[in-house]
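Below is one structure, written out as structure tokens, with a few remarks after it.
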Amino acid sequence: MPEGPSILILKELAHKFIGQTVIAANGNAKIEMEKLPGLIFEEYRIFGKQTYLVMQKHVIRIHLLMFGSYSIDEQTKPDRQLRLHLKFENGDLYFYSCSVKLVESTVLKEIDWNADVLSDAWKPLKARKKLKVQPHMMVCDALLDQNIFSGVGNIIKNEVLFRIGVHPESLIGKLPPKKMSALIFEARNYSFDFLRWKKDYVLKKHWLVHTKKICPQCGNPLTKSHTGLSNRRSFFCEKDQKLYS
């Protein structure tokens with residue numbers, strides 16, 4: 001599943017379409033395509049892993065899900081995977097194998113933009129308050145909670161927990177204050193590292209534990225397990241990542 005930094009890169013690539021008029025729209029997404037031609041693409045907004053294409057009174061919400069992708073100016077996937085194609089005078093925007101919905105513009109007012117770890121609107125104190133009211137939540141679930149850390153995905157989760165030396169099954173309420181602060185700080189800090197490495201095509205070279213077998217710190221075998229209510233894959237070191245429970 002694409003994580004927040006990948007969605008931000010897409011936003012930057014699609015910036016050239018802002019202010020352009022939709023000439024044509026097609027694809028197999030179950031939305032009213034006929035409403036889109038003639039609309040002006042006013043704003044490209046993202047919230048974590050979700051994309052919002054703002055076109056006057058209409059908003060197209062896109063979530064790339066597990067295997068979604070996109071391309072610009074050239075169709076790179078077969079028609080059966082093409083959910084939405086927007087044609088502009090200066091190019092084309094394609095979305096594949098993803099969720100596409102046409103929503104009212106009022107939905108933008110319901111989003112807590114302060115929760116997006118890559119946004120200038122990010123508020124760490126607000127994240128701390130949300131964490132404190134869920135003391136029994138595992139940190140692995142907390143990091144993947146898009147209401148707290150919007151944009152954080154499984155890769156970021158695993159790397160952040162290794163950086164701060166915390167076992168993924170640790171409970172939020174048992175974390176020392178310094179570890180809580182480290183968790184919140186690194187969720188954003190690593191996301192920007194991810195963004196930089198992704199742009200330079202060297203992201204995987206910087207993974208310390210995600211999909212790895214040996215701990216880079218102590219040399220012991222890493223544990224691979226599906227953890228928390230989210231049941232997502234966790235890669236961690238039993239020696240170097242302390243369990244707070």
Side-chain angles (χ1 to χ4, degrees), residues 1-7 48-49 64-67 115-118 122 124-245:
M1 177 187 293
E3 305 191 23
S6 298
I7 304 303
K49 303 175 185 179
L64 295 183
L65 305 174
M66 288 297 292
F67 303 107
D116 190 325
V117 296
L118 287 169
W122 163 253
L125 290 179
K126 199 168 184 180
R128 183 182 287 269
K129 289 179 180 179
K130 291 177 181 178
L131 290 169
K132 283 188 173 181
V133 298
Q134 302 190 69
H136 302 296
M137 177 184 280
M138 290 184 184
V139 291
C140 59
D141 288 327
L143 280 169
L144 294 178
D145 189 329
Q146 299 302 293
N147 292 316
I148 305 174
F149 298 108
S150 182
V152 169
N154 211 45
I155 297 170
I156 297 174
K157 176 204 79 178
N158 288 326
E159 295 296 312
V160 164
L161 291 176
F162 181 73
R163 276 190 175 188
I164 67 173
V166 172
H167 191 289
E169 294 178 324
S170 297
L171 301 180
I172 289 295
K174 298 296 183 179
L175 289 181
K178 287 186 177 180
K179 287 296 183 183
M180 178 77 83
S181 296
L183 179 75
I184 296 168
F185 173 80
E186 282 297 342
R188 178 174 168 86
N189 186 50
Y190 185 85
S191 293
F192 277 104
D193 285 343
F194 185 122
L195 177 63
R196 184 176 70 256
W197 294 329
K198 183 80 173 177
K199 287 182 175 180
D200 291 338
Y201 303 98
V202 294
L203 176 62
K204 290 186 178 181
K205 293 181 180 179
H206 289 275
W207 287 351
L208 297 177
V209 293
H210 186 71
T211 72
K212 304 298 183 180
K213 295 182 179 180
I214 301 298
C215 175
Q217 191 162 305
C218 69
N220 287 344
L222 291 171
T223 297
K224 174 186 173 183
S225 178
H226 288 75
T227 60
L229 295 176
S230 56
N231 200 36
R232 299 293 300 280
R233 289 190 307 168
S234 288
F235 298 85
F236 56 96
C237 178
E238 301 276 3
K239 180 178 181 292
D240 294 317
Q241 291 176 250
K242 185 174 179 179
L243 177 63
Y244 297 92
S245 61

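Worth saying up front: this structure is predicted, and the values here are computed from it rather than measured. Below, all heavy atoms of this structure are taken into account, side chains as well, without hydrogens, waters or symmetry copies.
Looking at Ser230 and Asp141, their side chains do bring a donor and an acceptor atom within 3.5 Å of each other. Remark: the Thr223 side chain and the Glu238 side chain contain an N/O donor-acceptor pair separated by less than 3.5 Å.
Note that CG of Asp145 is 11.5 Å distant from SG of Cys140, once rounded to the nearest 0.5 Å. Of the inter-residue distances, the one linking Lys205 atom NZ with Asp200 atom CG reads 10.0 Å to the nearest 0.5 angstrom. The distance from the CG atom of Leu118 to the CD atom of Glu3 is 10.5 Å, given to the nearest 0.5 Å. Here the CG atom belonging to Asn158 is positioned 13.0 Å from the CZ atom belonging to Arg163, to the nearest 0.5 angstrom. The line from CD of Gln241 to OG of Ser234 is 9.0 Å long, rounded to the nearest 0.5 Å.
Annotation: side chain of Phe235 is not in contact with side chain of Ile155 (no heavy-atom distance under 4.5 Å). Counting only heavy atoms from C-beta outward, the side chains of Lys239 and Cys218 approach each other to under 4.5 Å. Looking at Leu183 and Leu131, their side chains come closer than 4.5 Å, going by heavy atoms from C-beta outward. Using a 4.5 Å heavy-atom cutoff, the side chains of Glu186 and Ile164 are in contact. The closest side-chain heavy-atom distance from Leu171 to Pro135 is not below 4.5 Å. A 4.5 Å side-chain heavy-atom check between Ile184 and Leu125 finds every atom pair outside the cut-off. Arg232 is listed as a side-chain neighbour of Lys157, based on a closest heavy-atom distance under 4.5 Å. Counting only heavy atoms from C-beta outward, the side chains of Pro5 and Phe192 never approach each other to under 4.5 Å.
More than 12 non-hydrogen atoms from other residues, nucleotides or ligands lie less than 6.0 angstrom from CG of Leu243.
Under a 3.5 Å cut-off, the side chain of Lys130 and the backbone N or O of Asn147 do form a donor-acceptor pair. Under the 3.5 Å distance criterion, the side-chain polar atoms of Gln217 are left unmatched by any main-chain donor or acceptor of Phe162. Remark: the backbone N or O of Gly48 is paired with a side-chain donor or acceptor of Asp116 at under 3.5 angstrom. Looking at Glu159, its side chain does come within 3.5 Å of a backbone N or O of Leu208 through a donor-acceptor pair. Side-chain atoms of Glu169 do not come within 3.5 Å of backbone N or O of Gly228 as any donor-acceptor pair. Of the possible polar contacts, one joining the Asn154 side chain to the Arg233 backbone as a donor-acceptor pair under 3.5 Å is found.
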Worked verdict on Ile172 versus His136 for side-chain contact (heavy atoms from CB on, under 4.5 Å): CA-CA 6 Å; Ile172 289 295; His136 302 296; over 6 Å; no
Run Cys215 and Asp240 through side-chain contact (heavy atoms from CB on, under 4.5 Å) and show every step you take. CA-CA 9 Å; Cys215 175; Asp240 294 317; 3.2 Å; yes
Tyr244 and Val166: side-chain contact (heavy atoms from CB on, under 4.5 Å), yes or no, with the steps? CA-CA 8 Å; Tyr244 297 92; Val166 172; 4.1 Å; yes
Please determine whether side-chain contact (heavy atoms from CB on, under 4.5 Å) holds for the pair Leu143 and Ile156, giving the CA-CA distance in whole Å, both sets of side-chain angles, and the decisive distance to 0.1 Å. CA-CA 8 Å; Leu143 280 169; Ile156 297 174; over 6 Å; no
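Under the 30°/60° scheme for interplanar angles, the aromatic rings of Trp197 and Tyr190 are found to stand perpendicular.
Looking at Lys198 and Asp193, no side-chain N of the basic residue comes within less than 4.0 Å of a carboxylate O on the acidic one, giving no salt bridge.
Looking at residues two or more places apart in sequence or on another chain, you find no side-chain hydrogen bond (donor to acceptor under 3.5 Å, both in side chains) involving Ser170. Taking Val133 as the reference, nothing meets the side chain to side chain contact (heavy atoms under 4.5 Å, CB included) condition, with sequence neighbours excluded.
Taking both residues in full, the closest heavy atoms of Gly219 and Ile214 are given as O-CG2, 3.5 Å, listed atom of the first, atom of the second, then distance. Nearest heavy-atom pair across Ser245 and Lys174 is C-CG, 3.8 Å. The shortest non-hydrogen separation linking Lys212 to Leu222 is O-CD1, 3.6 Å. Nearest heavy atom pair, residue Ser191 against residue Val152, reads OG-CG2, 4.3 Å.
Taking the six-membered ring where the residue is Trp, the centroids of Trp207 and Phe194 are separated by 6.0 Å or more. Checked against the 6.0 Å centroid criterion, the rings of Phe236 and His167 qualify as a close aromatic pair.
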